[in-house]
Chemist: 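Starting off with a structure, shown below.
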Amino acid sequence: MLLKDKNAVIYGGGGAIGGAIARVFAREGARVFIAGRTPAKLDAVARDIAAAGGKVETAQVDVLDQEAVEKHADAVAAAAGGLDIAVNAVSVQHDQGTSLADLSLEEFMRPIDGFLRTLFITSKAVARHMGGERPGVILTLSEPGAKLAVGGILGHAVSAAGKEAFSRVLAAELAPGNVRVIGIRPHAVVDAPAAGSYTKELFEQTAAAAGQSVQEMLEGGAMAQGTLLKRLPTLSEIAETAAFLASDRAGAMTGTIANLTGGAIVD
């Protein structure tokens, strides 16, 4: 097992990506603590993990509430004897498709403030419980927008680039304490909308403009055709990659971005 006896906290653990990562982490032997805003979603993931024999605990936590996140991290670390892995898979609804002329300041700032605020709050809460003789790992999630130059994604692109910059600098700060920080950059996830992801709503305008459903667009539309592999990543591929990166097998990796865009972005 890649993560045997590891303690992992996953923020946004009831979401499509967070839930997929939680299930794989538990399968690989981790004791999983999933936190988020919606108890029903957290419970659904927890039931799957428990049914497969995994160890899981849930907590309703608003990741924009710094005090609440810190209290939760402190409690988890105290109960588990420390934290080994933390994943921020929090989603923030935002605009894609609106150009500068029609974009409001609020719409531009929403993903920047939302995503980066949650990343700062969660990272600060968990970092103090990691490292030393017990290696720590913080995983973050970004998007191809961090490097794409296309219209209509100003706020989204700046937030994605900001998350990757945050991960790199945090890796430098925490490395002396034996904590690794790695970003994961998937493209749009082909099976995420069917798993309840907010991306179904996010992509509706773009899909409608192309005369397609969201699922049709993801399975064979412009996004998929714009990759070298001519397909988009799956939840399973992202979760399996996250498990490897969080494991000791990836112990020499930090301060980098794992590119899961199918070749849409070539580093």
Side-chain angles (χ1 to χ4, degrees), residues 1-61 63 68-69 71-91 122 125-126 129-141 178-180 182 184 186 189-199 233-251 253 258 260:
M1 291 185 173
L2 286 175
L3 306 176
K4 183 175 174 57
D5 298 327
K6 301 282 190 181
N7 299 320
V9 59
I10 301 172
Y11 299 100
I17 292 179
I21 291 174
R23 293 179 182 96
V24 171
F25 277 17
R27 186 201 70 201
E28 291 297 329
R31 181 179 178 184
V32 178
F33 300 84
I34 54 175
R37 292 170 295 185
T38 310
K41 292 185 177 181
L42 296 171
D43 291 343
V45 175
R47 283 194 298 270
D48 289 345
I49 292 173
K55 300 176 182 177
V56 60
E57 295 182 30
T58 66
Q60 184 177 13
V61 180
V63 291
V69 172
K71 285 183 177 179
H72 173 257
D74 292 348
V76 169
L83 291 177
D84 303 298
I85 305 162
V87 182
N88 185 313
V90 174
S91 60
T122 58
V126 301
H129 298 295
M130 291 181 163
E133 295 182 359
R134 191 167 179 166
V137 182
I138 295 175
L139 300 179
T140 67
L141 286 162
N178 200 18
V179 177
R180 299 186 291 117
I182 301 175
I184 302 174
V189 185
V190 66
D191 52 346
S197 171
Y198 80 115
T199 56
T234 66
L235 289 170
S236 175
E237 288 171 330
I238 295 168
E240 298 289 352
T241 300
F244 169 74
L245 295 174
S247 76
D248 294 338
R249 295 186 187 180
M253 293 181 67
L260 275 70

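Worth knowing before you read on, the calculation uses all heavy atoms, side chains too, and leaves out hydrogens, waters and symmetry mates.
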Chemist: With side chains defined as the heavy atoms from C-beta onward, is the minimum distance between Pro186 and Leu141 less than 4.5 Å?
Modeler: yes
Chemist: To the nearest 0.5 Å, what is the distance between CD1 (Ile34) and CD1 (Ile21)?
Modeler: 12.0 Å
Chemist: Are any non-hydrogen side-chain atoms of Asn7 and Val76 less than 4.5 angstrom apart?
Modeler: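 No. Closest side-chain heavy atoms not under 4.5 Å.
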Chemist: What side chain to side chain donor-acceptor pair (under 3.5 Å) pairs are there with at least one residue in residues 33-44, not counting sequence neighbours?
Modeler: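 Non-adjacent pairs meeting side chain to side chain donor-acceptor pair (under 3.5 Å): zero.
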Chemist: Does a side-chain N-to-carboxylate-O contact under 4.0 Å join Lys6 and Asp248?
Modeler: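 Looking at Asp248 together with Lys6, the answer is yes, because their closest N to O distance falls below 4.0 Å.
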Chemist: Please confirm whether the backbone N or O of Leu2 pairs with a side-chain atom of Glu28, one donor and one acceptor, at under 3.5 Å?
Modeler: yes
Chemist: Rounded to the nearest 0.5 Å, what's the gap from CZ on Arg31 to CD1 on Ile49? Could you check?
Modeler: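 Atom-to-atom, Arg31:CZ and Ile49:CD1 are 13.0 Å apart.
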Chemist: Who pairs with Lys71 by salt bridge (Lys or Arg N to Asp or Glu O under 4.0 Å), at least two apart in sequence or on another chain?
Modeler: Glu67
Chemist: Minimum heavy-atom separation for Ala250 and Phe244, please, with both atom names.
Modeler: CB-O, 3.4 Å
Chemist: Taking the side chain as every heavy atom from C-beta outward, state whether Ile10 and Val32 have any atom pair closer than 4.5 Å.
Modeler: yes
Chemist: Please report the closest heavy-atom contact between Val90 and Gly12, naming both atoms and the distance.
Modeler: CG2-N, 4.0 Å
Chemist: Taking the side chain as every heavy atom from C-beta outward, state whether Ile17 and Leu235 have any pair of such atoms under 4.5 Å apart.
Modeler: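 Sidechains of Leu235 and Ile17: in contact.
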Chemist: Nearest 0.5 Å, please: how far is CG in Leu139 from CZ in Arg180?
Modeler: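 Atom-to-atom, Arg180:CZ and Leu139:CG are 8.0 Å apart.
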Chemist: Please find the pair of heavy atoms, one from Ala30 and one from Ala8, that lie closest to each other, and give the distance.
Modeler: CB-CB, 4.5 Å
Chemist: Is there a side chain to side chain contact (heavy atoms under 4.5 Å, CB included) between His129 and Arg134 once you walk through the steps?
Modeler: CA-CA 10 Å; His129 298 295; Arg134 191 167 179 166; over 6 Å; no
Chemist: To the closest 0.5 Å, what do you measure between CZ (Phe25) and CG (Asp84)?
Modeler: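 Going from the CZ atom of Phe25 to the CG atom of Asp84 covers 11.0 Å.
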Chemist: Hey, does the side chain of Arg27 reach the backbone of Arg23 with a donor-acceptor pair shorter than 3.5 angstrom?
Modeler: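 Not at all, since once roles are kept as given, no pair shorter than 3.5 Å links the two residues.
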Chemist: Please name the pair of heavy atoms, one in Gly18 and one in Ala89, separated by the smallest distance, quoted to 0.1 Å.
Modeler: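 That closest heavy-atom pairing would be CA-CB, 3.7 Å.
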Chemist: Would you please name every residue forming a side chain to side chain contact (heavy atoms under 4.5 Å, CB included) with Thr140, sequence neighbours left out?
Modeler: Leu119, Ile138, Ser167
Chemist: Minimum heavy-atom separation for Leu3 and Ala243, please, with both atom names.
Modeler: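 Closest pair (atom of Leu3, atom of Ala243, distance): CD2-O, 3.8 Å.
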Chemist: Which atoms form the tightest heavy-atom contact between Ala16 and Ala195, and what is the distance?
Modeler: CB-CB, 4.0 Å
